[in-house]
K.L.:
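Below you will find the structure I want to go over with you.
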Amino acid sequence: MTTENKTTVIQSLQIGLNILEILAKEKEPLKFTEIQNLTSMTKSNLYKYLATLSQFGMIYRNPHTNTYTLGHKLVQLGNIALGHTSLIEMVIPYFKKINEQANLTVLLAVPSPQGPLISYISSSVEYGINIGAQMGTHLPLNCSTGIIFSSFEKNTIMKEWELEELMKFSKSELEQFKEAKEKTKQLYFATKKEPLVTHVSSFSVPILNFDEELLGAITVVGITETVPKTLDDPTGQFVLGIAREISEYYGYTR
């Protein structure tokens with residue numbers, strides 16, 4: 001029996017997981033020969049692994065096309081894992097770290113047909129701040145959270161909200177928004193003076209899943225002078241790192 005430690009892995013299990021990763025990365029079902037080319041395994045060894053993974057429902061072999069895809073068991077296990085930890089439960093300890101590190105208020109916004117919905121707020125340890133919103137508030141498009149949602153949200157349920165918000169923009173505001181959106185897509189970071197309260201600014205970063213779908217946005221809020229304006233700021237880097245770590249839990253690998 002192999003004992004788990006920092007340097008020892010079970011090689012056969014590692015090979016099996018590698019096969020699952022290969023099937024996960026491919027958009028189309030793979031034939032036996034295609035898997036063999038990608039793994040460089042012998043036919044006899046690969047057959048044993050595919051047979052074992054199929055037996056446990058980890059992969060599925062289509063008898064008509066002789067191709068392999070991920071199996072129902074992975075979907076079942078994935079749903080159980082996600083059910084154990086909601087997004088709010090996941091972010092709470094991370095938000096406390098941000099509070100302690102930056103002494104700024106942090107909120108989680110999730111998708112809704114009426115725009116980004118604040119579902120959790122963690123106030124600064126030393127002092128609170130009136131951000132002009134509370135849990136259950138829908139945020140507008142012209143804030144850092146709105147820019148993140150416009151940049152990464154794929155779900156069509158928010159398109160009507162975005163179109164209605166865009167109609168409120170002047171020509172110059174629309175141009176500024178387009179520029180901010182393009183920059184956000186590259187940096188995974190948006191910053192803005194908040195439209196709800198004067199002298200308050202924020203920056204936001206996305207939480208994504210395995211399919212690059214937007215699960216929510218982390219938004220850090222504070223007095224304008226204390227909130228990072230660029231991603232070069234250590235606080236911005238710290239929060240972006242946290243967003244990536246949470247995203248990786250949900251399967252995001254980019």
Side-chain angles (χ1 to χ4, degrees), residues 1-94 97 108 110-111 151-155 185-189 205-218 237-254:
M1 181 179 294
T2 303
T3 302
E4 181 182 350
N5 55 47
K6 292 183 179 179
T7 59
T8 305
V9 295
I10 302 173
Q11 189 176 15
S12 58
L13 180 58
Q14 191 176 37
I15 293 171
L17 293 173
N18 182 51
I19 293 172
L20 294 179
E21 290 225 345
I22 288 172
L23 290 173
K25 289 178 181 177
E26 297 298 322
K27 300 298 182 182
E28 301 293 334
L30 294 179
K31 295 181 179 179
F32 183 94
T33 52
E34 292 173 325
I35 300 173
Q36 186 182 14
N37 289 335
L38 291 169
T39 58
S40 301
M41 296 174 65
T42 64
K43 286 184 179 180
S44 60
N45 274 344
L46 180 58
Y47 177 79
K48 292 175 184 177
Y49 275 96
L50 293 180
T52 302
L53 291 170
S54 296
Q55 182 179 348
F56 283 90
M58 297 297 179
I59 64 174
Y60 169 73
R61 185 183 74 85
N62 188 318
H64 303 290
T65 61
N66 261 339
T67 56
Y68 294 85
T69 57
L70 294 179
H72 65 88
K73 192 67 174 181
L74 288 176
V75 176
Q76 180 184 351
L77 294 174
N79 286 333
I80 291 172
L82 292 176
H84 283 169
T85 307
S86 72
L87 185 56
I88 293 177
E89 291 172 336
M90 170 65 74
V91 304
I92 288 175
Y94 289 103
K97 288 182 181 179
L108 172 70
V110 297
S151 301
F152 296 100
E153 174 59 39
K154 296 180 180 180
N155 200 320
K185 287 180 178 180
Q186 295 175 3
L187 299 178
Y188 292 70
F189 177 89
V205 294
I207 299 173
L208 303 165
N209 69 5
F210 64 95
D211 205 25
E212 298 189 14
E213 295 172 328
L214 185 70
L215 300 179
I218 298 174
Q237 288 290 324
F238 178 72
V239 175
L240 183 60
I242 283 177
R244 285 174 177 162
E245 189 171 334
I246 296 172
S247 296
E248 285 172 4
Y249 173 82
Y250 291 99
Y252 182 74
T253 57
R254 183 173 176 179

K.L.:
Within this structure, what is the CG-NZ distance for the pair Leu50 and Lys43, rounded to the nearest 0.5 Å?
P.N.:
13.0 Å
K.L.:
How long is the straight-line distance from OH of Tyr250 back to CG of Leu215, given to the nearest 0.5 Å?
P.N.:
7.0 Å
K.L.:
Mind listing the closest non-hydrogen atom pair of Ala243 and Pro206 along with its distance?
P.N.:
CB-O, 3.5 Å
K.L.:
So do Tyr68 and Ile19 actually touch side chain to side chain, heavy atoms under 4.5 Å?
P.N.:
no
K.L.:
Might you work through the side-chain contact (heavy atoms from CB on, under 4.5 Å) test for Met41 and Ile15, ending with a clear yes or no?
P.N.:
CA-CA 10 Å; Met41 296 174 65; Ile15 293 171; 3.9 Å; yes
K.L.:
Ignoring hydrogens, what is the shortest heavy-atom contact between Ser151 and Lys185? Give both atom names and the distance.
P.N.:
O-CE, 3.8 Å
K.L.:
If you measure from OH on Tyr94 to CD1 on Ile218, what distance do you get to the nearest 0.5 Å?
P.N.:
9.5 Å
K.L.:
Please name the pair of heavy atoms, one in Glu153 and one in Pro111, separated by the smallest distance, quoted to 0.1 Å.
P.N.:
OE1-CG, 3.6 Å
K.L.:
Distance from Leu70 atom CG to Glu26 atom CD, nearest 0.5 Å?
P.N.:
11.0 Å
K.L.:
Working to the nearest 0.5 Å, report the span between OH of Tyr49 and OG of Ser12.
P.N.:
4.5 Å
K.L.:
Please report the shortest heavy-atom distance between Leu20 and Met58, naming the atom on each side.
P.N.:
CD2-O, 3.9 Å
K.L.:
Taking the side chain as C-beta and beyond, is there a heavy-atom pair between Thr39 and Asn45 under 4.5 Å?
P.N.:
no
K.L.:
Say whether, by atom type as modelled, one donor and one acceptor occur between the side chain of Lys97 and the main chain of Ile242 under 3.5 angstrom.
P.N.:
no
K.L.:
Within the structure provided, determine whether Phe32 and Leu46 are in side-chain contact (heavy-atom separation under 4.5 Å).
P.N.:
yes
K.L.:
Begin with the C-alpha distance, continue with both residues' side-chain angles, and end with the deciding distance and a verdict on side-chain contact (heavy atoms from CB on, under 4.5 Å) for Thr69 and Asn62.
P.N.:
CA-CA 8 Å; Thr69 57; Asn62 188 318; over 6 Å; no
K.L.:
Between atom CG of Asn18 and atom CG of Leu13, what is the distance when rounded to the nearest 0.5 Å?
P.N.:
11.0 Å
K.L.:
Looking only at heavy atoms, what is the nearest atom pair of Leu187 and Leu240, with distance?
P.N.:
O-CD2, 4.3 Å
K.L.:
Would Ile207 and Val91 count as a side-chain contact (heavy atoms from CB on, under 4.5 Å) if you check the C-alpha gap in whole Å, the side-chain angles of each, and the deciding distance to 0.1 Å?
P.N.:
CA-CA 10 Å; Ile207 299 173; Val91 304; 4.3 Å; yes
K.L.:
side-chain contact (heavy atoms from CB on, under 4.5 Å) with Thr33: which residues, sequence neighbours excluded?
P.N.:
Lys31
K.L.:
How about NZ on Lys48, more than 12 heavy atoms from neighbouring residues, nucleotides or ligands closer than 6.0 Å, or not?
P.N.:
no
K.L.:
For Phe189 and Val205: C-alpha separation, side-chain torsions, deciding distance, then whether side-chain contact (heavy atoms from CB on, under 4.5 Å) applies.
P.N.:
CA-CA 5 Å; Phe189 177 89; Val205 294; 4.0 Å; yes
K.L.:
If you count every heavy atom of other residues, nucleotides or ligands that lies below 6.0 Å from Arg244 atom CZ, does the total exceed 12?
P.N.:
no
